[in-house]
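Here is the naming used below: chain letters follow the sequence lines, and residue numbers restart at 1 for every chain.
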There are 2 protein chains.
Amino acid sequence: MATSPITPDRPLRRDAERNRQAILAAARDAFAEDGLSVTLDEIARRAGVGVGTVYRRFPDKEQLIDALFEDEIRGFVALAEDCLGAEDSWDGLMRFVEQACEVHACDRGFKEVALSGVHGLERVSRARELMVPVVTRLVHRAQADGKLRADVVPTDLPLIQLMLGALSECTRDVDPDAWRRYLGIVMDGLRAHREAPTPLAHPGLDVVQVQDAMRAWRPAAR
Amino acid sequence: MATSPITPDRPLRRDAERNRQAILAAARDAFAEDGLSVTLDEIARRAGVGVGTVYRRFPDKEQLIDALFEDEIRGFVALAEDCLGAEDSWDGLMRFVEQACEVHACDRGFKEVALSGVHGLERVSRARELMVPVVTRLVHRAQADGKLRADVVPTDLPLIQLMLGALSECTRDVDPDAWRRYLGIVMDGLRAHREAPTPLAHPGLDVVQVQDAMRAWRPAAR
DNA sequence: ACAGAAGTGGAGGACGTGCCTCCACTTTGT
DNA sequence: ACAAAGTGGAGGCACGTCCTCCACTTCTGT
């Protein structure tokens, strides 16, 4: 028994590694389109492999999520740090919230990982925690400049994201950019001073669109 | 065959009518607490009757919902009309949105019937449609007075409700009135003019509360 | 008081959904 | 060419909801 029969980190066989990549790619797409609730069966179907293969590579969905989203979250943190460097503190904050909404609007999986707190293992949670200090500094900087109303606190931002995310979830099929309109309204509410309303980036929906959006709204289950 | 053996509108036997009322009351409570997704089995349990009894009285859940919520919606329309009578048009609008949030926050069933558009039969849908003209007038009146920014449209209101509703769904167990804070921010965004921020009615949440709220957030299923 | 109509309850069947296992088979590397 | 590695997908399991069914109980009119 000089060498154990299975070395834990022996590289995968070539075909197996190819499948692993296919699974990751399929999962990324599926999660982005349909959110984290897609089944591993569906991911297998998209990747063109059997369910068994998926389960061998990723013992459960959480590990697949963890592997996929750690990088994405870190990338997003970097993006937030970039907003800290904007010359105008309000623009930086605004850009941050807008980009967050953008990502949430086109990647449901990311949104769920970022907002929900229940998904992901250590790696993702640790990455998520990196957000806190950056957001705090974004808020305080804009307040120090007198641009952001003094009575908001950093923890307001995730909740505002949550509101806009819920909206964009409903309007995604009706008018995918509708959230920009409501982001405009909320941001106007966040300004410290403002004589006139800032023009809204997006037109209002008509009655039929609102009806369809409402139909898309699903109450939290159970 | 002078009289058919079963007259369609013969009154129920006394005990049956008592049970019917118990079912309606239990359903009202259950829907308010847990939303429309409660099972008829659960409603039966709460009413202290068997499932069979519930199914005999209300062939399916929709009819039960229809029977329950028609009145509630009409009552709410009346309340909206009342806001139209407020001497200050902005206060009227504000009161309307606030009351809507209040109802949504403490009666999940009502919120789902009012917002989702998929529940309820004719009676409820007809009642829901009564809202449209009232909301339109509330908005136009506040705009005519120069209080509400000119670029909002009546259809913005349901979507704003939806945003705040999503938020209040998440924070209900952490801080049931947290929605008031974000309503304050949004309303400030809706004002046509405003030098300084209007003081917020509710303090911000701390980091732990936000974490718990996020944990409560459930992405739209499937 | 009694007959028969009306009403009851809740076990359990039908169905749907998602997770994951298992093993006869195929592919790869040496 | 042969063993080790990898595969696929049918199907088992667990769960949850909806709703039916019928032996039993309760009511009501006479």
Gap between atoms [atom1] and [atom2], on [X] and [N] respectively (whole Å):
| X | N | atom1 | atom2 | answer |
| --- | --- | --- | --- | --- |
| I23(B) | dG7(C) | CD1 | C1' | 11 Å |
| K61(B) | dG16(D) | NZ | C1' | 12 Å |
| R14(A) | dT30(C) | CZ | C1' | 13 Å |
| D41(B) | dT20(D) | CG | C1' | 12 Å |
| E62(A) | dC19(C) | CD | P | 11 Å |
| I43(B) | dT8(C) | CD1 | C1' | 18 Å |
| E42(B) | dT17(D) | CD | P | 10 Å |
| R56(A) | dG6(D) | CZ | P | 8 Å |

V210(B) side chain near D156(A) side chain, heavy-atom distance below 4.5 Å: no
Is L157(A) close to F96(A) at the side-chain level, that is, under 4.5 Å between some pair of heavy atoms? yes
Salt bridge or not between R181(A) and D175(A)? Use side-chain N to carboxylate O under 4.0 Å. no
Basic-acidic side-chain contact under 4.0 Å: E98(B), R180(B): yes
With a 3.5 Å cut-off and just heavy-atom distances, do the side chain of R13(B) and the base of dT28(D) make a donor-acceptor pair? no
Any N19(B) side-chain nitrogen or oxygen under 4.0 Å from OP1 or OP2 of dT8(C): yes
Is any side-chain nitrogen or oxygen of T39(B) closer than 4.0 Å to OP1 or OP2 of dT17(D)? no
Y55(B) or V51(A): which one's nearest nucleotide on DNA chain D is closer to the 5' end? V51(A)
Would you kindly compare L12(A) and L40(B) by the position of their nearest DNA chain D nucleotide and give the one closer to the 5′ end? L12(A)
Partner of D34(B) under salt bridge (Lys or Arg N to Asp or Glu O under 4.0 Å), chosen from R46(B), R108(B), R172(B): R46(B)
Looking for any heavy atom pair under 4.0 Å, which part of the strands does R57(B) touch: base, sugar-phosphate only, or nothing? sugar-phosphate
Options dT27(C), dT8(C), dG8(D), nucleotide nearest the side-chain atoms of V49(A): dG8(D)
